[in-house]
Amino acid sequence: MIITPAEPHDVAKLLAFREEAASWLRDLGSDQWSRPYPADKLLATIEAGTVFMLRDGHATAGTITLTPDAEAGLWTDEELAEPAMFINKLTVAREYAGRNLGGQLLDWAGDRAYRAGARWVRLDAWTTNEALQRYYLDQGFLYVRTILEGNAVNGGPRVSGWLAQRAARAADHGFTDRTPSPARLPYAA
């Protein structure tokens with residue numbers, strides 16, 4: 001499988017991925033991603049070069065967003081002073097479930113963050129999705145804390161404030177990486 005930067009024409013596919021994931025999560029009893037994500041915000045992240053697509057031939061198997069920008073109100077000033085990159089919107093198409101593609105995408109993100117000079121790769125997960133939180137713990141992330149105050153990026157109260165991190169490290173993720181080399185973080189050693 002090949003990982004590439006997302007392109008503007010991928011917005012529709014990414015929104016469909018999110019709806020597919022939201023439907024699956026609803027069936028599991030979770031309200032995660034029940035609010036639509038604004039297409040214009042998604043396009044802005046694609047244009048910023050922070051959204052990546054996992055492609056299997058002509059099919060898209062998954063997506064991940066990896067950015068040096070933290071969502072406001074989640075991390076302390078001391079944490080923000082450490083070189084880190086932030087994972088968002090990790091999604092695997094349901095037809096590819098059960099193949100550990102999510103774990104491989106997390107390894108890819110940790111490797112890319114490491115090459116950018118990050119010490120940490122961090123994420124915020126849905127505060128009520130305990131299965132997702134266990135998944136991240138099983139992937140080597142360490143729980144930091146839960147933040148409930150504030151507003152969500154797509155409006156309404158904060159719902160994704162379970163914070164976790166793991167060391168950024170070189171990894172053999174198993175993908176053919178067709179992304180440009182990451183820019184060095186400005187505060188990386």
Side-chain angles (χ1 to χ4, degrees), residues 3 5-6 14 18 21 25 30-33 35 37-38 41-42 44-52 62-92 102-173 177 179-189:
I3 192 157
L14 290 166
R18 189 174 178 96
L25 289 163
S30 175
D31 65 342
Q32 183 170 340
W33 291 354
R35 284 183 274 179
Y37 197 83
K41 289 188 184 217
L42 186 55
T45 60
I46 290 171
E47 290 173 343
T50 62
V51 182
F52 303 92
T63 182
I64 191 168
T65 298
L66 182 66
T67 177
D69 301 319
E71 185 177 328
L74 292 178
W75 301 92
T76 68
D77 289 340
E78 293 80 18
E79 290 163 340
L80 292 173
E82 299 172 318
M85 292 190 78
F86 302 87
I87 294 169
N88 297 294
K89 298 184 277 305
L90 170 63
T91 311
V92 172
Q104 289 176 266
L105 282 166
L106 292 171
D107 287 345
W108 174 85
D111 181 75
R112 186 172 180 82
Y114 175 80
R115 289 185 291 123
R119 178 177 178 202
W120 300 105
V121 61
R122 293 178 167 148
L123 56 82
D124 58 284
W126 209 257
T127 55
T128 59
N129 190 337
E130 293 178 8
L132 180 61
Q133 295 163 13
R134 281 191 304 276
Y135 172 78
Y136 286 127
L137 294 172
D138 289 345
Q139 293 293 322
F141 283 80
L142 301 173
Y143 171 72
V144 176
R145 71 183 156 278
T146 301
I147 303 290
L148 300 173
E149 301 81 27
N151 294 313
V153 172
N154 58 339
R158 180 176 310 285
V159 288
S160 188
W162 183 89
L163 307 182
Q165 65 185 15
R166 77 177 189 192
R169 61 182 183 257
D172 180 10
H173 45 74
D177 191 342
T179 64
S181 294
R184 293 288 292 174
L185 296 173
Y187 45 85

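Just so you know, residue 1 is the first one in the sequence shown, and it goes up from there.
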Any side-chain heavy atom of Leu123 sitting closer than 4.5 Å to one from Asn88?
no
When you measure from the side chain of Gln133 to the backbone of Thr127, do you find a donor-acceptor pair of N or O atoms at a distance under 3.5 Å?
yes
Check whether any side-chain heavy atom of Ile87 sits under 4.5 Å from a side-chain heavy atom of Leu106, and report yes or no.
yes
Of all heavy-atom pairs linking Ala168 and Ala118, the shortest is CB-O, 3.4 Å
Hey, are the side chains of Thr67 and Thr45 touching, using non-hydrogen atoms and a 4.5 Å cut-off?
no
Under 3.5 Å: donor-acceptor pair, side chain of Gln104, backbone of His173:
yes
Within the 4.5 Å heavy-atom criterion, are Tyr135 and Asn129 side-chain neighbours or not?
no
Are any non-hydrogen side-chain atoms of Arg112 and Thr179 less than 4.5 angstrom apart?
yes
Please determine if Arg115 and Asp111 form a salt bridge, counting it only when a charged side-chain N lies under 4.0 Å from a carboxylate O.
yes
How long is the straight-line distance from CD1 of Ile64 back to OG1 of Thr91, given to the nearest 0.5 Å?
9.0 Å
Distance-only, no hydrogens or angles: does the Thr63 side chain make a donor-acceptor pair with backbone N or O of Phe52 under 3.5 Å?
yes
Measure up the Phe86 and Trp75 rings against each other and bin them: parallel (under 30°), tilted (30 to 60°), perpendicular (over 60°).
tilted
Can you see which heavy atom on Pro68 is nearest to which on Leu185, and at what distance?
CB-CD2, 3.6 Å
Regarding Asp124 and Arg145, does a basic nitrogen lie under 4.0 Å from an acidic carboxylate oxygen?
no
Distance under 6.0 Å and angle within 45° of ring axis: Arg166 vs Trp120:
no
Check this for me: does any side-chain nitrogen of one of Glu82 and Arg122 sit under 4.0 Å from a carboxylate oxygen of the other?
yes
Is it the case that more than 12 heavy atoms not belonging to Tyr136 sit under 6.0 Å from its OH atom?
yes
Minimum side-chain heavy-atom gap Trp126-Trp162 below 4.5 Å
no
Quick check for you: to the nearest 0.5 Å, what is the distance between Leu66 atom CG and Lys89 atom NZ?
11.0 Å
Looking at every non-hydrogen atom in both residues, tell me the closest pair between Leu74 and Gly161 and how far apart they are.
CD2-CA, 4.2 Å
Take Val51 and Leu14 through the test side chain to side chain contact (heavy atoms under 4.5 Å, CB included) and record every step on the way to the result.
CA-CA 10 Å; Val51 182; Leu14 290 166; 3.9 Å; yes
Heavy-atom nearest pair, Pro180 first then Pro5, reads CD-CG, 3.7 Å
Heavy-atom closest contact (Ile147 atom, Gly73 atom, distance):
CG2-O, 3.8 Å
Shortest non-hydrogen contact from Gly117 toward Pro83:
O-CB, 3.5 Å
Should we say atom CG of Asp172 is surrounded by more than 12 heavy atoms from elsewhere, each under 6.0 Å from it?
no
